[in-house]
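Shown next, in structure tokens, is the structure this report addresses.
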Amino acid sequence: MTSNTNNSNYSNGNTNISSLLDRDGGDTNSGNVDFIFNSNQRLSITQQRIALPIYQYRKHLLYLLETNQTVVVVGNTGCGKTTQIPQYLHESGWTDGYRTIAITQPRRVAAISVASRVATEMNEELGHTVGYSVRFDEKVSAEHTRIKYMTDGMLIREMMLDPLLSKYPVVMIDEAHERSLATDVLLGLVKKVQGRRKDLKIIISSATMDAELFKQFFNNNITNDKSKDTAAIISIEGTNYPVDVHYLEQPTLNYLDTTLNTVIDIHNLQPPGDILVFLTGQEEIDKMVSSIQDRVDAQQQQQKGNKMKVNVLPMYSGLSINKQIRVFEKSGDPRKIRKIVVATNIAETSITIDGIVYVVDSGFVKIKSYNPTSGLESLVVVPTSQSSADQRAGRAGRNRAGKCYRLYTQDAFTKLPVHSIPEIQRSNLAPIILQLKALGIDNILHFDFISPAPTISLVRALEVLYGLGALNDNGQLTQPTGHIMAEFPVDPSFSKMIIQSEVLGCSKEVLSIAAMLNVQGIFTNHNHKARREFIVKEGDHLSLLNIYNAYTSKSSNGKTSAGPWCHEHQINHKAMQRVVQVRKQLEAYCHKYSIKVVSCLTNAAIKDATIPIRKSIISGFFTNAAHLQPDGSYMTIRDKHKLFMHPTSVLCSLANSPEWVLFHDVTITTKEYMKDITIIDPKWLYEMAPHFYVYEK
DNA sequence: GAGCACTGC
């Protein structure tokens, strides 16, 4: 992880919110166009661009793109690839004839911020020559936009309208080494397009370790003659400083104790410089933050250790924006106060914190895992991969030479997997299989994924899609149901439930429930207090609807009382605003496909309005039905999996446990818990999913 | 009576 140390373009210490965004292009520090060199000399935009490491490779890169179909660009954050390559292509004629370069990003903030940065560099308004396209937000001009930043999910969606990507002479897939689900799908898709469009150029931006994998995936040369390769790799030297990596001599039994001791040792023995600690989750991090603070306080009271003050801060995505921003603020004079940030993996990929000199790596990460047999997704703590560990270490070398303390032995490091398991190998594949079907990919089992999706996950996904009525007996997309389901920007279970709700006359209510379930972090306290204040005895889905309706009665028609109302009921206002936005988008899709938005509450013919709503939910989530057992637990009907009711469910407060329930999802902690649960009549299962449940007397 | 890594359409 060492690289050249003789570059001089380190920036000054200003930090602001734009540091939230982990971008290359030299702006990781100030986000302003004018960033300041150590000589305090302000440079013109042109001078800044020329100073970026990638500039020296400009000609070579353009040459490789002329002579290859695919170019893999390897370069650290900071080398300028994301902001500069599209401009080089634009300047050298690739966008002539009203053509556009597409650059995909795994995250929406990144797409927007890079587009904004590049527009500024080109002295243009955003949305003219340079634009972006992300969910809920788009700034592009059909006529003028030549460089378009977008999320990878958005480009997949565009392919439904234009399968050959005919607008684009070049597609650049950025941050491909992160191997997100959407990136992996996109890699397979663009390779397929390249087979039909020899003129389509692909640029993959990747970290060092994966470059060869990407090259081989796109290389069409079947001979041994390397001069006939159709893919090439170019390495850009980065701007990172060397990082000294330290390992434990003996493995630790308790990585949390070792983390605490290591942080205190660094603080007492090492020169000024901020510390970044990698742990696995919220609870762990909050505890560690107070332990570190307590230890430092204690030793200062005894007048021992380092007299420097500390500013210990947590960082994880569940934190409110205001608290997240504190991580990027200067703590004060770095000689007098040391900032210690305790973070999840969010600090490995999504954000860059300035001024970090020491990294403490626990060696663990919490990731999503999927069990195709039970169909359940859960979160598990696992050791990191080598590339992940190197990425973490690199966070210490952004401003000057740094140190990384790995809380495991060097031997253990060599035994770690080189790469993390790509998301596609640990996810429920039903949503992406449906999208691929809609893109005309018939033989899913033979789709060319860069890393193969597990066959059992594929089979399970096909089975669920068939059960939902999206695929017919021949595995083809049904008309119009399957096509409509693929278009909706939610998982197929949700789109099925929405389509069904029109038939049952309750689409207005079901849209609200779908939107509520699609937004995270609605409740601001642990026990979900508001659920009980808005309890509906049939269960959580209807209680969520009740909360949504109560919220909109406060927020609609220009009323301004929604904020205080949210605060009073311990509901996250930002999350509710997003619910409204998601619901609006879903309703727009309903109008597009002539799905009537009707209410069952105003329909006098419906005696119990909760019944059509609950039946609609079953039509999408019929796999998640469970039956009460004598010991108070539940057993899934499908594969006899033992589950418990989560204490935040409103059904927990009932005197008697309901016999039959439907749950939205499962979380595995001390036990396996069902979350968002609704009481059902088992007869409805046969009614709504006859192909899945057979009636037995 | 528990507590949720990170994203995206």
Side-chain angles (χ1 to χ4, degrees), chain A residues 22 104-111 133-138 150-160 175 178-186 278-287 315-319 343-351 362 364-369 377-382 384 388 420-421 423-424 426-427 431-432 434-435 438 485-492 494-495 518-529 531-532 575 578 581-582 585-586 588-589 632 644-649 651-653 665-676:
Chain A
D22 182 12
T104 69
Q105 295 290 324
R107 285 169 289 277
R108 10 180 312 132
V109 267
S133 175
V134 300
R135 186 183 185 185
F136 301 129
D137 195 6
E138 185 178 76
M150 61 210 298
T151 46
D152 34 25
M154 215 51 177
L155 189 61
I156 294 175
R157 239 148 227 280
E158 263 192 24
M159 291 181 78
M160 288 190 185
E175 315 287 0
E178 287 186 25
R179 302 297 304 277
S180 76
L181 197 53
T183 300
D184 270 20
V185 172
L186 197 55
F278 284 100
L279 293 180
T280 67
Q282 179 172 336
E283 200 182 356
E284 211 174 71
I285 287 169
D286 288 339
K287 274 188 193 155
M315 181 74 203
Y316 43 82
S317 83
L319 222 50
T344 61
N345 232 26
I346 194 171
E348 188 185 310
T349 49
S350 307
I351 59 152
S362 67
F364 289 101
V365 63
K366 195 181 280 184
I367 57 160
K368 182 178 71 184
S369 110
E377 276 181 346
S378 57
L379 293 166
V380 289
V381 173
V382 296
T384 59
S388 189
S420 307
I421 299 171
E423 201 183 356
I424 198 161
R426 46 187 175 84
S427 298
I432 59 145
L434 182 62
Q435 281 201 311
M485 282 171 69
E487 288 272 332
F488 267 81
V490 283
D491 281 4
F494 284 106
S495 44
N518 266 285
V519 174
Q520 289 172 335
I522 288 182
F523 302 100
T524 57
N525 74 338
H526 293 309
N527 58 15
H528 296 195
K529 173 171 151 303
R531 283 187 196 260
R532 277 169 187 78
R578 192 171 159 85
Q581 198 177 28
V582 169
Q585 193 191 26
L586 294 177
Y589 274 95
F644 293 85
M645 211 177 253
H646 197 276
T648 56
S649 170
L651 296 178
C652 268
S653 53
D665 65 358
V666 168
T667 177
I668 303 177
T669 50
T670 50
K671 289 179 186 172
E672 299 198 23
Y673 289 105
M674 306 178 279
K675 288 198 306 185
D676 293 308

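Below, read A as the first sequence line, B as the second, and so on, with proteins coming before strands; counting in each chain starts at 1.
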Base, sugar-phosphate or nothing for [X]? Non-hydrogen atoms, less than 4.0 Å.
| X | result |
| --- | --- |
| Thr151(A) | sugar-phosphate |
| Thr344(A) | sugar-phosphate |
| Lys287(A) | nothing |
| Gln520(A) | base |
| Val134(A) | sugar-phosphate |
| Phe136(A) | nothing |

What's the spacing between Thr183(A) OG1 and Glu178(A) CD if we round to 0.5 Å?
7.5 Å

If you pin Thr648(A) and Arg108(A) to their nearest nucleotides in DNA chain B, which one's is more 5'?
Thr648(A)

Start at the 5' end of DNA chain B and walk down; is the nucleotide closest to Arg578(A) or to Leu379(A) reached first?
Leu379(A)

Side-chain contact, heavy-atom cut-off 4.5 Å: [X] with [Y]?
| X | Y | result |
| --- | --- | --- |
| Arg135(A) | Val582(A) | yes |
| Gln435(A) | Val185(A) | no |
| Met159(A) | Leu186(A) | yes |
| Leu379(A) | Ile367(A) | no |

Sort out for me which residue in Arg157(A), Met150(A), Arg108(A) forms a side-chain contact (heavy atoms from CB on, under 4.5 Å) with Ser133(A).
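Result for side-chain contact (heavy atoms from CB on, under 4.5 Å) with Ser133(A): Met150(A).
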
side-chain contact (heavy atoms from CB on, under 4.5 Å), paired with Gln282(A), selected from Ile285(A), Leu279(A), Thr280(A), Asp286(A)
Asp286(A)

Separation of [N] [atom2] from [X] [atom1] (nearest whole Å):
| X | N | atom1 | atom2 | answer |
| --- | --- | --- | --- | --- |
| Ile156(A) | dC9(B) | CD1 | P | 11 Å |
| Leu181(A) | dG8(B) | CG | P | 13 Å |
| Arg426(A) | dA5(B) | CZ | C1' | 9 Å |
| Asp137(A) | dG8(B) | CG | P | 13 Å |
| Asn518(A) | dC9(B) | CG | P | 12 Å |

Please, what dot-bracket string fits DNA chain B when only Watson-Crick and G-U pairs with both distances under 3.5 Å count, crossing ones use [ ] and pairs to another strand use |?
.........

Of the nucleotides dA2(B), dT7(B), dC9(B), which has the atom closest to the His646(A) side chain?
dA2(B)

Pro647(A) side chain: which of dG8(B), dC6(B), dG1(B) is closest?
dG1(B)

When you measure from the side-chain N and O atoms of Thr349(A) to the phosphate of dT7(B), is any distance below 4.0 Å, counting only OP1 and OP2?
no

Does dC6(B) have OP1 or OP2 under 4.0 Å away from a side-chain N or O of Tyr316(A)?
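Negative; the distance criterion is not met.
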
